[in-house]
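If you read the sequence from its start, that first residue is 1, and numbering goes on from there. What you see below is based on every heavy atom in this structure, not just the backbone, and it leaves out hydrogens, waters and symmetry mates. Note that ligands are numbered from 1 as they come in the structure, with each ligand's atoms numbered from 1 the same way.
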Amino acid sequence: VSTGAATAETLIAGVLAGETRAIAKAISLAETGFDASEAAMAALHPHTGKAHIVGITGVPGSGKSTLVRALTQEFRKAGQRVGIVAVDPSSPYSGGAILGDRVRMADLANDPGVFIRSLATRGALGGLARAAMDAVDVLDAAGFDVVLVETVGVGQDEVDIARAAHTVVVVSAPGLGDGVQAIKAGVLEIADIHAVSKADRPGAGRTASELRAMLELSPAGRAHDGWTVPVLETSAETGTGIDHLAATVGAHLRHLKDSGAFARRRQTILEARVLKTAEDLARTRIERSGVLPDVLARVAAGDLDPRAAAQVLLRGLSDDPG
Ligand SMILES: Nc1nc2c(ncn2[C@@H]2O[C@H](COP(=O)(O)OP(=O)(O)OP(=O)(O)O)[C@@H](O)[C@H]2O)c(=O)[nH]1
Ligand SMILES: [Mg+2]
């Protein structure tokens, strides 16, 4: 690593000791890409596996950040340390969301038991999902009891990130158009808990009823791992239902552990993560190898069909030591 072995060791020790600057530095490395963070992530991984990872997803503006903040306060009351990774896909939907989140999160930022980080790494080497999951590892290794991952439930990377949590909370809200938003975003079935936010607003009850009706029609959405998926109404404005949501998040983890589903879930998450990383790594190496233009030219000239071209690229990978 370019940082040098001694610096790398100091960094790892700092993360494991829960030092804010070391944590921030390690997440920045993760954000930079594979190469920069490879050694640090390998050293940290054995120290992960203790945190409760909670994905908070839903369409833009559904109230995810507000809920993350309210949940964090609830977990803090219970004495738990909370790490937050807010994934901002730098999409036109959420330009300025980082600034907005920072303002709203400001009161939490002064709490030493809370660490907040926004990631905006669309297009970065190795992908957004990898960077986000590495960031979660850093916070897990740093000893945070709960790691909340906020991600918009639109787009494959974002859904993958949410899915890589022990507990997935899908947030819907009234007033964001008709229809069940979780279905539009394709995240109905990944929810362990549905939260209908902004319960202080008119229409929240109807949004919750629609959601319950949809779940009735979806065996996979209604229950999984022997857990019946609840639909909870919350309001960050009045505080209604926030304590119940926090308790349900905790109850879901206990359920996974008591039922033996936790190990299965962990396995599924690891499998998806390893495959995704292999995919990203393969793409990165292909792009770096410089052979792509030539192979594409041969396809265009009719000398290679696309599948044969892909095989040429894959065969080139095994020779790559990096
Ligand atoms: N009345 C009311 N408004 C809320 C509630 N929760 C969030 N809002 C408002 O809804 C808007 C969106 O809230 P956010 O928490 O930023 O939503 P988000 O899902 O994080 O948004 P993106 O990150 O941009 O996708 C903000 O104006 C909030 O103030 C609530 O419980 N009641
Ligand atoms: Mg947000």
Side-chain angles (χ1 to χ4, degrees), residues 54-75 82-109 114-122 128-129 131-132 135-136 147-163 165 168-177 179-188 190-191 193-208 211 231-246 248-249:
V54 182
I56 315 273
T57 193
V59 300
S62 50
K64 300 177 294 294
S65 297
T66 311
L67 210 50
V68 162
R69 179 164 158 261
L71 276 177
T72 299
Q73 284 163 342
E74 221 36 60
F75 291 130
V82 182
I84 300 170
V85 179
V87 179
D88 184 272
S90 336
S91 74
Y93 296 118
S94 54
I98 293 183
L99 182 64
D101 284 352
R102 284 211 182 121
V103 171
R104 265 175 262 136
M105 298 279 186
D107 54 334
L108 294 182
V114 177
F115 183 95
I116 307 172
R117 180 61 176 259
S118 286
L119 291 184
T121 55
R122 169 73 76 232
L128 183 63
V136 169
V147 178
L148 302 175
V149 186
E150 175 189 340
T151 168
V152 168
V154 179
Q156 193 57 52
D157 269 0
E158 287 73 26
V159 173
D160 285 345
I161 293 165
R163 207 197 274 276
V168 179
V169 179
V170 173
V171 185
S172 303
L176 291 178
V180 175
Q181 296 142 27
I183 291 184
K184 280 201 249 165
V187 295
L188 184 78
I190 69 167
I193 300 166
H194 281 283
V196 176
S197 68
K198 313 187 192 182
D200 53 285
R201 290 206 183 155
R206 210 190 76 189
T207 301
L211 205 42
V231 177
L232 309 179
E233 291 181 41
T234 60
S235 167
E237 194 77 23
T238 64
T240 308
I242 302 292
D243 51 351
H244 186 42
L245 175 61
T248 308
V249 166

**Prompt:** Could an N or O of ligand 1 be found under 3.5 Å from any N or O of Ala236, whether backbone or side chain?
**Reply:** yes
Any Arg206 side-chain heavy atom under 4.5 Å of Pro174 side chain: no
Validation row: Thr151, Lys64 side chains within 4.5 angstrom (heavy atoms): no
Separation between CD1 (Ile242) and CG (Leu232), nearest 0.5 Å, reads 10.0 Å
Answer yes or no as to whether an N/O/S atom of Thr66 is found below 2.8 Å from the Mg ion (ligand 2). no
Nearest non-hydrogen contact to atom 22 (P) of ligand 1 from the set Gly61, Gly241, Ser235 belongs to Gly61
task = For the residue pair Leu245 and Leu67, establish whether any side-chain heavy-atom pair is separated by less than 4.5 Å.
result = yes
(message) Any nitrogen or oxygen of Ser197, side chain or backbone, less than 3.5 Å from one on ligand 1?
(response) no
Logged contact type for Val152 with ligand 1, heavy-atom cut-off 4.0 Å, is side chain
* Within-shell test, Arg69 vs ligand 1, heavy atom, strictly < 4.0 Å -> no
Contacts of Glu233 meeting salt bridge (charged side-chain N to carboxylate O under 4.0 Å, His left out) (sequence neighbours excluded), chain-then-number -> none
Nearest heavy atom to atom 13 (O) of ligand 1, choosing from Val171, Thr66, Val87, belongs to Thr66
Under 4.0 Å from one or more heavy atoms of Pro60, ligand 1 contributes atoms 25 (O)
Side chains of Ser65 and Glu150, donor plus acceptor under 3.5 Å:
yes
Checking heavy atoms under 4.0 Å, the part of Thr238 that sits near ligand 1 is neither
Check: Do Val170 and Leu188 come within less than 4.5 Å of each other through their side chains, counting heavy atoms only?
Finding: no
Looking at Glu150, the N/O/S atom that lies nearest to the Mg ion (ligand 2) is called OE2
